[in-house]
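Just so you know, these numbers come straight off a predicted model, no measurement behind them.
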Amino acid sequence: MAHSVELSLDLPPRVHSAGVGVHGFAGPHDVFRLPQLWQLHLYDYSGTLEYDGFRHPVRPGYVSLVPPGTEVHFHYDTTPCRHLYAHFTLPGHGERRHVPAVQDAGTDATLLSGLLRQAATACPQPSARAAAELWTALWRMTSLAGVSVNRAGPQRSVLRAAMTHIEEHLAEPLDVPDIARAAGISHTHLTRLFRKDTGHTVVGYIRHRRMKRAQHLLTASTLAIPAIAATVGIPDLQAFNKTCRKELGASPRAVRQSAQQPEPADQP
């Protein structure tokens, strides 16, 4: 059974302390707990982390999360041991996300290191800047291994890669084989994953995302409609109007006008 922790990230954390920690001065084994605070470690050493009956090897570039009130055992291969840390509380009570207790940050280790160092710089007193840096790091940790609320694994990681490619290239021609290559899988496999996860075909998902972006620009900006059409990858105005009517139920002009209508005043 995988060892994970639950986080609610709808509100930013409150950072109580962050910086560079050094363990192992008293020997190759430490035991302690933080009664009220979460602890995040980004490791620069090798050893073992143990809590809740699970033992995890840690290596440089690994990151761990420990909930408040949890007794943790650290076993060090060599001493002293340096790591970046943050001690914090989470005030949110929204959707809970399952994150591995320990995971290899891989290529994201450098990014996480930068975020934690910025959080440490913004301390010692609690600050909005420290909270923002740590909040970004925690959100990043939810996707290191393709983790979602209810499922994880390589398929979710592949989908994220495909969706990222789509979002970054909405203004350009997009075809399914190119997206599949960007995600590192076959055309057929990509189509099957999109059907299962989104309920759309890949082409249908692209159309949906293009029109959601168009809807935002129509209702929140004064950008000209031909420019919006080009921005979302449908420069042909006739095709753009047709797609808009199909996806949003109205012409681009009508969508824009509906957002400009004043809301009715409350009746006494």
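The CG atom of Leu237 sits 8.5 Å away from the CD1 atom of Ile225 when rounded to the nearest 0.5 Å. Atom OG in Ser251 sits 10.0 Å away from atom CG in Leu248 (nearest 0.5 Å). Interatomic distance, Phe194 CZ to Ile179 CD1, rounded to the nearest 0.5 Å: 6.5 Å. Within the model, atoms CG of Leu116 and CG of Leu42 stand 6.0 Å from one another, a figure rounded to the nearest 0.5 Å. The structure places CG of Asp178 at 10.5 Å from CD of Glu172, a figure rounded to the nearest 0.5 Å. Separation of atoms SG (Cys244) and CD (Gln215) is listed at 8.0 Å; rounding is to 0.5 Å.
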Report the C-alpha separation of Arg253 and Gln257 in whole Å, then their side-chain angles, then the decisive distance to 0.1 Å, and conclude whether the side-chain contact (heavy atoms from CB on, under 4.5 Å) test is met. CA-CA 6 Å; Arg253 190 177 301 276; Gln257 289 174 344; 3.8 Å; yes
Residue pair Leu218, Met211: steps toward the side-chain contact (heavy atoms from CB on, under 4.5 Å) verdict: CA-CA 10 Å; Leu218 287 166; Met211 296 318 298; 5.9 Å; no
Pair Leu37, Phe88 - check side-chain contact (heavy atoms from CB on, under 4.5 Å), show working. CA-CA 5 Å; Leu37 301 176; Phe88 58 97; over 6 Å; no
Salt bridge (Lys or Arg N to Asp or Glu O under 4.0 Å) evaluation trace for Arg207 with Glu247: CA-CA 8 Å; Arg207 182 173 60 246; Glu247 291 290 318; 3.0 Å; yes
Give the C-alpha distance, both sets of side-chain angles, the deciding distance and a yes or no for side-chain contact (heavy atoms from CB on, under 4.5 Å) between Leu49 and Tyr51. CA-CA 7 Å; Leu49 167 64; Tyr51 77 90; 4.2 Å; yes
Could you walk me through whether Arg14 and His16 satisfy the side chain to side chain donor-acceptor pair (under 3.5 Å) test, starting with their C-alpha distance in whole Å, then the side-chain angles of each, then the deciding distance to 0.1 Å, before giving a yes or no? CA-CA 6 Å; Arg14 183 173 184 269; His16 292 255; 3.1 Å; yes
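With hydrogens and angles ignored, the 3.5 Å screen pairs a side-chain donor or acceptor of Gln103 with a backbone N or O of Met141. With hydrogens and angles disregarded, a donor-acceptor distance shorter than 3.5 Å links the side chain of Asp236 to the backbone of Gln238. Of the possible donor and acceptor atoms, none in the side chain of Arg140 sits under 3.5 Å from a partner among the backbone N and O of Leu115. Under a 3.5 Å cut-off, the side chain of Thr142 and the backbone N or O of Trp139 do form a donor-acceptor pair. Ser8 contributes no side-chain N or O that, together with a main-chain N or O of Arg96, makes up a donor-acceptor pair within less than 3.5 Å. In terms of modelled atom types and a separation under 3.5 Å, the side chain of Thr70 and the main chain of Val66 share no donor-acceptor contact. No side-chain donor-acceptor contact under 3.5 Å links Trp38 to the backbone of Leu90.
Residues Phe74 and His41 bring their aromatic ring centres within 6.0 Å. The distance between the ring centers of Tyr85 and His23 does not fall below 6.0 angstrom.
Nearest approach of Pro80 to Val22, heavy atoms of both residues: CB-CG1, 3.7 Å. Contact between Leu138 and Pro13 at its shortest, heavy atoms only, is CD1-CG, 4.2 Å. In terms of heavy atoms, Ala182 sits closest to His165 at CB-ND1, 3.6 Å. Smallest separation of non-hydrogen atoms from Asn241 and Pro252: OD1-CD, 3.0 Å. Closest of all the heavy-atom pairs between Leu134 and Ala86 is CD1-CB, 3.9 Å. Nearest heavy atom pair, residue Ala130 against residue Cys123, reads CB-SG, 4.3 Å.
Residues Val58 and Ser46 form no side-chain contact, since every pair of their non-hydrogen atoms from C-beta on lies 4.5 Å or further apart. The shortest distance between side-chain heavy atoms of Glu167 and Arg209 falls below 4.5 Å. Counting only heavy atoms from C-beta outward, the side chains of Ile185 and Leu193 approach each other to under 4.5 Å. For the pair Val31/Glu71, a side-chain contact is recorded, criterion being any heavy-atom separation below 4.5 Å from C-beta on. Taking the side chain as every heavy atom from C-beta outward, Leu84 and Ser113 approach each other to under 4.5 Å. You'll find the side chain of Val232 stays beyond 4.5 Å of the side chain of Leu170, heavy atoms only. Annotation: side chain of Phe240 is not in contact with side chain of Thr243 (no heavy-atom distance under 4.5 Å). Counting heavy atoms from C-beta on, the side chains of Pro177 and His187 come closer than 4.5 Å.
Relative orientation of the Tyr43 and Tyr45 rings is perpendicular, given thresholds of 30° and 60° on the angle between their planes.
By the criterion of side-chain heavy atoms lying less than 4.5 angstrom apart, applied directly or through intervening Ile, Leu, Val, Met, Phe, Trp or Tyr residues, Val63 is grouped together with Tyr76 in one hydrophobic cluster. Placement of Ile234 and Val176 in two distinct hydrophobic clusters is found when ILVMFWY residues are connected by side-chain heavy-atom separations under 4.5 Å, directly or transitively. A continuous path of Ile, Leu, Val, Met, Phe, Trp and Tyr side chains, each step under 4.5 Å between heavy atoms, connects Val20 with Tyr62, placing both in one hydrophobic cluster. Under a hydrophobic clustering in which Ile, Leu, Val, Met, Phe, Trp and Tyr are joined whenever their side-chain heavy atoms come within less than 4.5 Å, directly or via other members, Leu190 and Leu174 fall into the same cluster.
Side chain to side chain, His56 and His3 meet the donor-acceptor criterion of an N or O pair below 3.5 Å.
Within a 6.0 Å radius of CZ in Arg82, no more than 12 heavy atoms belonging to other residues, nucleotides or ligands are found.
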